[in-house]
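Everything on this sheet refers to the single structure shown next.
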Amino acid sequence: MPFLHANRCVGKHAATPAVGGLAPVAYAKQMAAAYDFQDIEQRWRERWERDGLAVARPDAKREKYYVLEMLPYPSGDLHVGHAKNYTIGDAIARSMRMLGYNVLHPMGWDAFGLPAENAAIQRGIAPAAWTLSNIANMRRQLRLMGTSYDWSREIATCTPEYYRWNQWLFLRLYERGLAYKREAPVNWCPKDATVLANEQVIDGRCWRCDTPVERRNLSQWFLRITEYADRLLDGLEHLDGWPERTRTMQRNWIGKSEGAQFSFAIDGADERIEVFTTRVDTVYGVTFLALAPEHPVVTCIKGLVPPESARAIDAFAESLRSKSELERTSLMEKQGLFTGAYAIHPLSGARVPIWVTNYVLAEYGTGAVMGVPAHDERDFDFARKHALPIVRVIVPTGSSLAADAPSAEAFVEDGTLVGSGAFDGMPSAEARRAIAAELARRGIGNATTNYRLRDWLVSRQRYWGTPIPIVYCEACGEVPVPDEQLPILLPPDAPITGEGSPLARLPSFIETRCPKCGAPARRESDTMDTFFESSWYYLRYLDPRNERAPWAREAADAWMNVDQYIGGSEHAVLHLLYSRFFYKFFHDCGWVSGPDEPFARLFHQGMLLANGEKMSKSRGNVVGIDETAEKNGVDAMRLFLLYVTPPEDTSDWTDEGINGRVRFVNRVWRACEPLAARARSADVRALPVCTTPDEKALVRAVHLAARSLVEETMSRRFHYNTTIARLDETINALTTAVGVAPDSPATLYAVHAVPLLLAPFAPHIADELWSRYGYERSVHLEAALAPEEAALALDEITLVVQVNGKVRARIACAPSISESEAFELAEAEPALRVYLDGKEVRKRFYVPGKLVNFVVG
RNA sequence: GGGGAAGUGGCGGAAUGGCAGACGCAGCCGCCUCAAAAGCGGCCGAGGCAACUCAUGUGGGUUCGAGUCCCACCUUCCCCA
């Protein structure tokens, strides 16, 4: 490493008596105050662990505070990007403890998932062994960071003790009809060889490996999240502690739209075609029907048309079969084929040609769309391309445009109806109600609501996950495994090759007996989506060793809801939506009480770059926790991560930046440690009597920092960058004071206060100083320093004097100055003569204790 | 195309509608040292000898007073399509 830190060398050598060249005396003098962060940090971590500093127990006397960082996947090694997230959470946890709350701050592992299987395929390591060794390493690294987790509550989702409750919860969902199996076109990732939920397909690609997903018809397990669509939507209204954009994303994902569903008769057949539209006011403008080629009614249509047309339809469907949703709706041109069949318009009776197209998907809405080119952009493009008529039925209100006037683009806004029979002249909104009512009267339609949200596909054809507790019996069919047979253990000896489902090829796992009739039967070989585990883990922390239930109701009552949740915004519609769904289900079952939302407040931390670039192994710019702890110290690392930007912003790890915080830690040490013996006296806790302006300013700096800590924590803004800036000012003032008046009560008061202020951010040096001051008990068990008005008040303020809004003078005066005194003093100011003499003061403004403004004309 | 967030020194950033640039980084000067590092002290938006003037993406507006509020535009990022 070319860049060797001076203080690291000092730290290493401090214990060695003589070092080359330097006389022992000079050496001792120079090194006396050196801060040996490595040994000291290590020692405190061990002591906190021994003392159970972070172990949480219910306590009726103190208000509870549940702060939680998103459960990490144990990928192997932590870097400073991960550290940012955990540092924010730990600063909050430590601050809240010192502010008197009973803090619960647990940690665990989202331990099932594909990377463990990939390690098995590539390196022949068993997924369990790989995962457990990663957990051991990451647990060590989290401890190294000085985080205050209650490790007695640690969980790993891949243990039978945890996943048996996955199975148990799955069965409860199954009993209530919320888990079901059906065949459907689903997203298939060819690389991971498994299906994916809609939420796990980002821009048509697998969220894990970025491979374009394919469509396949498969029989899969789903959870009926759509049953909760309205409640998931309505609940967002009250989540004031969530970022607005996350709520908006969930709203958009649920995608509720009010409209009408009705059907078109097919000319020459008994079947009908259902369509959904939010714009039923444009129904007289329908000039074609567009079907997804997979739509069931296509079979019927093929019977109505000549064989060559039927063959063309099949060929068209075949060409789209494996194309992803993204390709079909966004990337490809709008393709279509006239089937040769016609539908009958339900109101006008007109014959409407039926087309199959790539841009209508079988899985959305009804799989059929009424084509209104005059008033929908996609329909307009399609009609232009295929020379279909464009019939205008809405005109801008107040315009006299004729229905047959040619248009250059679709008019998609509301307006007034024309060419719409009895509905002519109606405004769009009224027409939507009237036409829906007319369709209902004729018995062919209804006003209805549509959602974009689909049911959650939870089965995976992979090994390293929770086995789904279902058995298939010839006689009894699909049979749920009884609770007393749980857990269904994941067999350790499945063949993991990356091809096909490992469990499906393991007879010792598959072959079983029917729980109902005892006949030979087959187990379900699919495992659960790992998002299943992470949708309820925050409850397991509350009662982690319970063997009779996933958690006891009393435990949930004592600790829920999560007061502050911290994690990346990439989970806005995945984990955060699934968890809300589960929690509402638990609420319905009576397993939790209180609000039916799991996370009262949500905080998304910003990314961390390294020297302006995204950290990645391929770039070779990953800054590891271990190296940083050794080189710079953990306290400096934590301070830097909190200081560099507000926590929600993207920040940049730089060598210069971390250096600045290393210097800060050393300055703290040099200012406080030499006075440790004198900071022991009892009277340093009371506000000191200050004799000079500098002393007054020093004590004020201490209380400004104390106030910032309380405000940033209690406001839930967590902009600790500003708190640490106040600490910088405190240490700057203290460094000067130590040089000038090391024995003054103000100096000793500040020296004593520093560890209390520093504790949430730099916990090690805070406790080390505290113990050197003579305290037996950890500083982290002390109450935070309460900001005091007496210390914050200024003896003298600077009154700014403006003329017409421009600063023309500054006057020192007492803070208690009255409005009339302020005007009097300002008008007497010689510097203002030039601006005021001979002019009329038309108005005067006074901002108490701050500013006077004269408006002259 | 629609929606949202943000644009402040060389850099990261600070600023309940009231002294723009706190604090840090980088840089420059000095002290200490045989010397260097570390440390300590000072300077550090632009123009001007100065009084002052200009300056928070651009252009308008509200206000005694706007980085902050409103409108339009430009740029960047995020989400949706």
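As a basis for the values below, the full set of heavy atoms in this structure was taken, side chains included, without hydrogen atoms, waters or symmetry mates. Residue numbers begin at 1 in each chain, while the letters A, B, ... track the order of the sequences.
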Those residues at least two apart in sequence (or on a different chain) that pass side chain to side chain contact (heavy atoms under 4.5 Å, CB included) with A:A759 are A:M98, A:A766, A:V779, A:H780
Does B:G9 adopt a syn or an anti glycosidic conformation, taking syn as a chi angle within 90° of 0?
syn
Contacts of A:R717 that satisfy salt bridge (charged side-chain N to carboxylate O under 4.0 Å, His left out) - sequence neighbours left out:
A:E712
Between B:U68 and B:C77, how many Å separate the two P atoms, rounded to a whole number?
24 Å
On the ring face of A:W253, is A:R452 found with NZ or CZ under 6.0 Å from the centre and within 45° of the axis?
yes
Given the C1' atoms of B:G13 and B:C32, what is the spacing between them in whole Å?
33 Å
In 5'-to-3' order, the base (B), backbone-only (S) or no-contact (-) status of each nucleotide in nucleotides 9-20 of chain B, using a 4.0 angstrom heavy-atom cut-off, is ---SSSSB-BB-
Under a 3.5 Å cutoff on both atom distances, Watson-Crick or G-U, what's the dot-bracket for RNA chain B ([ ] crossing, | other strand)?
(((((((..(((.....[....))).(((((.......))))).(((....)))..(((((..]....)))))))))))).
When rounded to the nearest Å, what value does the distance between P atoms of B:G17 and B:G12 take?
24 Å
A:T246: partners by side-chain hydrogen bond (donor to acceptor under 3.5 Å, both in side chains), with sequence neighbours left out:
A:H604
Can you tell me the distance, in whole Å, between the NZ atom of A:K614 and the P atom of B:C77?
14 Å
Take atom C1' in B:A22 and the same atom in B:A14, then report the distance between them in whole Å.
5 Å
Can you figure out which of B:C25, B:U53, B:C23 approaches the side chain of A:R808 most closely?
B:U53
Expected list for residues 795-814 of chain A: side-chain donor-acceptor pairs under 3.5 angstrom, two or more places apart:
from: A:N804; atom 1: OD1; to: A:V856; atom 2: N; distance (Å): 3.0
from: A:R808; atom 1: NH1; to: A:Y835; atom 2: OH; distance (Å): 3.2

For A:A725 and for A:V573, find the nucleotide of RNA chain B with the closest heavy atom, then tell me which residue's nucleotide is more 5'.
A:A725
With the threshold set at under 4.0 Å for non-hydrogen atoms, list the residues of residues 819-828 of chain A touching RNA chain B in residue-number order.
none
Whole-angstrom distance between B:G57 and B:G42, as gauged at atom P:
31 Å
Would A:R667 pass as a cation-pi partner of A:F664, given that its NZ or CZ must be under 6.0 Å from the six-membered ring centre and within 45 degrees of the axis?
no
Please report the distance separating the P of B:C69 from the corresponding atom of B:G7, rounded so that it comes out in whole Å.
10 Å
note: A:D376, atom CG; B:G1, atom C1'; distance rounded to Å ~ 13 Å
So, A:K256 and A:T449: side-chain donor and acceptor under 3.5 Å apart, yes or no?
no
Between B:C70 and B:A5, how far apart are the P atoms? Round to whole Å, please.
10 Å
Per the side-chain hydrogen bond (donor to acceptor under 3.5 Å, both in side chains) rule, what does the pair list look like for residues 842-857 of chain A, sequence neighbours excluded?
A:E827-A:R844
Can A:D376 and A:R279 be counted as an ion pair, charged N to O under 4.0 angstrom?
no
Would you jot down, in residue-number order, the residues of residues 243-251 of chain A having a non-hydrogen atom under 4.0 Å from RNA chain B?
A:M249
By ring pair (Phe, Tyr, Trp, His ring centres under 6.0 Å), A:W456 pairs with (sequence neighbours left out) A:Y578, A:F582
Using atom P of each nucleotide, how far apart are B:G67 and B:G61 to the nearest Å?
15 Å
Whole angstroms only, please: what is the CD-C1' distance between A:E729 and B:G21?
13 Å
Could I get the full list of ring pair (Phe, Tyr, Trp, His ring centres under 6.0 Å) partners for A:Y565, not counting sequence neighbours?
A:H575, A:F599
Sort and list the pairs that fulfil side-chain hydrogen bond (donor to acceptor under 3.5 Å, both in side chains) and have at least one residue in residues 693-710 of chain A, not counting sequence neighbours.
A:T691-A:E695, A:E695-A:S744, A:H703-A:Y749, A:S708-A:T723
Are the side chains of A:V852 and A:F823 in touch, meaning some heavy atoms are under 4.5 Å apart?
yes
Check A:E656 with A:R661, please: is the shortest side-chain N to carboxylate O separation under 4.0 Å?
no
